[in-house]
Engineer: 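Okay, here's the structure, questions in a sec.
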Amino acid sequence: MRPILTLIFLIIPLTAPAQKSGLTVATYNVCNLFDTINDPGIRDMVPTLEAYRLKTANLARVIGELAPDIIALCEVENADVLRDLLATPPLDTVPYRFIHYNSPDSRGIDVGLLYRSDRVAPLNSEPIRFPAGHPTRDILRAEFSVTGTDRKLAVYAVHLPSRRGGYNRATRQREMIAARLGEMATHEAPETGVVVMGDLNDNPASKLVRRNLGGLRCLTAEPHRKGVGSYAWRDTWLMYDNIFVLNLKPSGDARVFVRHWMLTAAGRFRGYPDRTISDHLPVYIRLPL
């Protein structure tokens, strides 16, 4: 069943990134990490307590094995789910902290950043909001100092709208957000390393990416050209979760992080990401310091 997915995964590394000097930076769409409270006025999902605890435990396991120093998370409902995630083993023994702002997204989903407080320290952060079009999540910008160095990183976490709910309107809004993102990132101080990452709901070779983020180095373009992806659709791997850098020299291209237990084991969607965890896989890079 679905041999194309199985073959592609043979070229995706099945080990965690080696913990050498430097930083591991990652992005992960955690797919509807909602709490068990039904919030009026928001089209939020309300999982059972059992399903919520299982999802949180699985996500904590993924992040724990990946061991990022900074990770952008897409589709988190609020600060409470991030607190619960960081209180779940094995993350509860690691000095992770989070940055999060509530956005006006109609589904109640936001982006957030987790970071290791012993590896980096936040200097400032802000949500970048867009008034036009239907309500959507903010871009999250955070600036970090790197412990033990004089380096600074400007990190942008983004989750562009999908094209559902009106193709033309969504396309205009996606272009506007991507253009603002590219402009801000390329105008950072030249001595500041820049990382732009998140779910663009588009592949690296798309017109949207090339037109608006062409001033950045895309680290997911070459892996996707070789057939690697972070999201499966109709037996094809798509690289919707992307990482771009500027003023940095990463150790190679981005890589997709996967364990066999993160994939559906049997049935129609065998080989796809296990949706009880997430329908996406994390993507990461290594940054030497």
Engineer: Stepwise, does the salt bridge (Lys or Arg N to Asp or Glu O under 4.0 Å) test hold for Arg180 with Glu183?
Structural biologist: CA-CA 5 Å; Arg180 175 76 181 281; Glu183 180 182 17; 5.3 Å; no

Engineer: Can any side-chain N or O of Lys152 pair as donor or acceptor with the backbone N or O of Phe144 at less than 3.5 Å?
Structural biologist: no

Engineer: For the atom pair CD1 (Ile277) and CZ (Arg61), what is the distance rounded to the nearest 0.5 Å?
Structural biologist: 8.0 Å

Engineer: Quick one, Glu188 with Arg141, criterion salt bridge (Lys or Arg N to Asp or Glu O under 4.0 Å). Give me CA distance, side-chain angles, the key distance, then yes/no.
Structural biologist: CA-CA 11 Å; Glu188 293 283 354; Arg141 181 193 180 276; 2.9 Å; yes

Engineer: Walk me through whether Tyr272 and Asp235 qualify under side chain to side chain donor-acceptor pair (under 3.5 Å).
Structural biologist: CA-CA 9 Å; Tyr272 278 52; Asp235 293 351; 3.2 Å; yes

Engineer: Rounded to the nearest 0.5 Å, what separates atom OH in Tyr52 from atom CD1 in Ile37?
Structural biologist: 9.0 Å

Engineer: Under the side-chain contact (heavy atoms from CB on, under 4.5 Å) rule, what do His100 and Asp110 come out as? Steps first, then yes or no, please.
Structural biologist: CA-CA 8 Å; His100 168 268; Asp110 309 322; 2.7 Å; yes

Engineer: Counting neighbours of CE on Met45 that are heavy atoms of other residues, nucleotides or ligands and sit closer than 6.0 Å, is the number greater than 12?
Structural biologist: no

Engineer: For Arg211, look at atom CZ and say whether over 12 heavy atoms of other residues, nucleotides or ligands are found less than 6.0 Å away.
Structural biologist: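 Yes, CZ of Arg211 has more than 12 neighbouring heavy atoms, counting only those of other groups under 6.0 Å.
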
Engineer: Is the number of heavy atoms from other residues, nucleotides or ligands under 6.0 Å of Glu50 CD greater than 12?
Structural biologist: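 Open.
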
Engineer: Looking at Tyr96 versus Tyr115, is the centre-to-centre ring distance below 6.0 Å?
Structural biologist: no

Engineer: Tell me whether Asp105 is salt-bridged to Arg107, with the criterion being a basic N under 4.0 Å from an acidic carboxylate O.
Structural biologist: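 No, this pair does not count.
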
Engineer: Okay, side chain of Thr186, backbone of Gly182: is any donor-acceptor separation there less than 3.5 Å?
Structural biologist: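 Between the backbone of Gly182 and the side chain of Thr186 there is a qualifying donor-acceptor contact (under 3.5 Å).
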
Engineer: Can you tell me which residue among Val195, Val194, Leu219 is in a side chain to side chain contact (heavy atoms under 4.5 Å, CB included) with Leu248?
Structural biologist: Val195

Engineer: Within the supplied structure, the quantity of interest is the number of heavy atoms (other residues, nucleotides, ligands) at a distance under 6.0 Å from Arg210 CZ; does it exceed 12?
Structural biologist: yes

Engineer: In the single-linkage hydrophobic clustering (I, L, V, M, F, W, Y; side-chain heavy atoms under 4.5 Å), do Leu140 and Val81 co-cluster?
Structural biologist: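 The answer is yes; both residues are in one hydrophobic cluster.
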
Engineer: Can you list the steps and then say if Phe269 with Asp274 is a side-chain contact (heavy atoms from CB on, under 4.5 Å)?
Structural biologist: CA-CA 9 Å; Phe269 295 105; Asp274 182 347; over 6 Å; no

Engineer: Could you tell me whether Asp202 and Arg174 have a side-chain N and a carboxylate O separated by less than 4.0 Å?
Structural biologist: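 Salt bridge present between Asp202 and Arg174.
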
Engineer: Applying side-chain contact (heavy atoms from CB on, under 4.5 Å) to Leu23 and Arg119, what does each step give before you reach the verdict?
Structural biologist: CA-CA 8 Å; Leu23 297 178; Arg119 303 283 282 148; 3.8 Å; yes

